[in-house]
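The sequence lines fix the lettering, A, B, ..., with proteins before strands; numbering per chain opens at 1. Owing to the predicted nature of the structure, the values given are computational and were not obtained by experimental measurement.
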Amino acid sequence: MDNEMTLSFVALSENESLARIAVTSFVAQLDPTIDELSEFKTIVSEAVSNAIIHGYDEDGKGIVTVHAVREGDVVSVAVKDQGKGIPDIKKAMEPLFTTKADMERSGMGFTIMESFADHLQVESEPGVGTVVTFSKKFHSMKMTQIS
Amino acid sequence: MNFEINMERDIAIIRLYGELDHHETEKIRTHISQTILKGNLHTIIWNLERLNFMDSSGIGLILGRMRELSAVNGQTIILNPSNTMKKIFQFSGLSKYVMEGKEEEAILYARGIVNG
């Protein structure tokens, strides 16, 4: 392992940008391309928003933890909450499925996460919480220039 | 996050700046929605050229306004999104509304459709 970080914050929506800023700094060492970085930030934003909105109903009390590990040019991230959990993960991951249509949630979060991550795993148990784990390989700009 | 709304008769040009996420969407949605409903509106042009980041909240925001416009058979143009945003629009079935170019061109395009 080359680097590791853990960030915890309460379930307030203003912390979505905090999580993005932290992970952006964490991967800066890898000289990501603009597209790689924005895809990576999008995955984190979706997972963290889900934890805050769906896990905790934005209660400002529940704790969301973002744990990131870098090994070479691969970064793995786990976004964890101890909120209400997902009763049917398969259903939750269907495109356009949302339990919060009234809030104009598009139901595209998991589709976006799956598309932008190299690997994505969702574990959840009602009443216990949810962990979204994903990894993404970065193709450094320096390496691109050499090859 | 900042935004500007410019009204060109029945066209609203909404310029978004900074990062659009769930938190920011909740803050600006009502304001944008009210401006739209007050005007005699037919088209929304979302200018995303200066938007640095958008997640699926942006899809919710745009789809919500499309729903409001559908009452008047209105149309939507999504102008100059980043590569990552383009992919998000593609996953969400909104690619056909994406356009690249200047605002003036988008306005002419919108009028072309409106005037038949």
**Report entry** Passing candidate, side-chain contact (heavy atoms from CB on, under 4.5 Å) with S106(A), options S56(B), S57(B), S92(B)
**Finding:** S56(B)
Query raised in the report: H23(B) and I52(A): side-chain contact (heavy atoms from CB on, under 4.5 Å), yes or no, with the steps?
Result: CA-CA 10 Å; H23(B) 179 70; I52(A) 293 172; over 6 Å; no
**Report entry** Side chain, backbone, both or neither of M54(B) within contact of chain A (heavy atoms, under 4.5 Å)
**Finding:** backbone
Query raised in the report: Are Y17(B) and I28(B) co-members of a hydrophobic cluster defined by side-chain heavy atoms under 4.5 Å apart?
Result: no
Requested in this report: Using a cut-off of 6.0 Å, state whether more than 12 heavy atoms not belonging to F9(A) lie near its atom CZ.
Outcome: yes
Query - Exceeds 12 heavy-atom contacts within 6.0 angstrom, atom CD of E114(A) - result: yes
**Report entry** Rounded distance [0.5 Å steps], CZ in F116(A) versus OG1 in T84(B)
**Finding:** 5.5 Å
Query raised in the report: Got more than 12 heavy atoms from elsewhere within 6.0 Å of NZ, K100(A)?
Result: yes
Report task. Would you mind reporting whether R65(B) and E104(A) have side-chain heavy atoms less than 4.5 Å apart? Result -> yes
**Report entry** Heavy-atom check, side chain of D55(B) versus side chain of E16(A), under 4.5 Å
**Finding:** no
Query - Straight-line distance of R105(A) CZ to L63(B) CG, nearest 0.5 Å - result: 12.0 Å
Requested in this report: Pick one of side chain, backbone, both or neither for E24(B), based on which atoms fall under 4.5 Å of a heavy atom in chain A.
Outcome: neither
Query raised in the report: When you look at NZ of K80(A), are more than 12 heavy atoms from neighbouring residues, nucleotides or ligands closer to it than 6.0 Å?
Result: no
Query raised in the report: Are V48(A) and V122(A) connected in a single hydrophobic cluster, I mean Ile/Leu/Val/Met/Phe/Trp/Tyr linked by side-chain heavy atoms less than 4.5 Å apart?
Result: yes
Query raised in the report: Around atom CG of N40(B), are there more than 12 heavy atoms of other residues, nucleotides or ligands at under 6.0 Å?
Result: no
Query raised in the report: Is chain B contacted by the side chain of I43(A), its backbone, both, or neither, given a heavy-atom distance below 4.5 Å?
Result: neither
Query - Transitive ILVMFWY side-chain link V69(A) to V27(A), under 4.5 Å - result: no
Requested in this report: State yes or no: do I21(A) and L37(A) share one hydrophobic cluster built from I, L, V, M, F, W and Y residues joined by side-chain heavy-atom distances below 4.5 Å, directly or via other members?
Outcome: no
**Report entry** Inter-residue atom distance S45(A).OG - E19(B).CD, 0.5 Å rounding
**Finding:** 8.0 Å
Query raised in the report: Taking all non-hydrogen atoms of both residues, which atom of H22(B) and which atom of S49(A) are closest, and how far apart?
Result: CB-OG, 4.2 Å
Requested in this report: Give, for atom OG1 of T111(A) and atom CD1 of I88(B), the distance between the pair rounded to the nearest 0.5 Å.
Outcome: 11.0 Å
Report task. Specify the closest pair of heavy atoms between S38(A) and F53(B), including all atoms of both residues, with the distance to one decimal. Result -> O-CE1, 4.2 Å
**Report entry** Salt-bridge present (D35(A), K87(B); N to O < 4.0 Å)
**Finding:** no
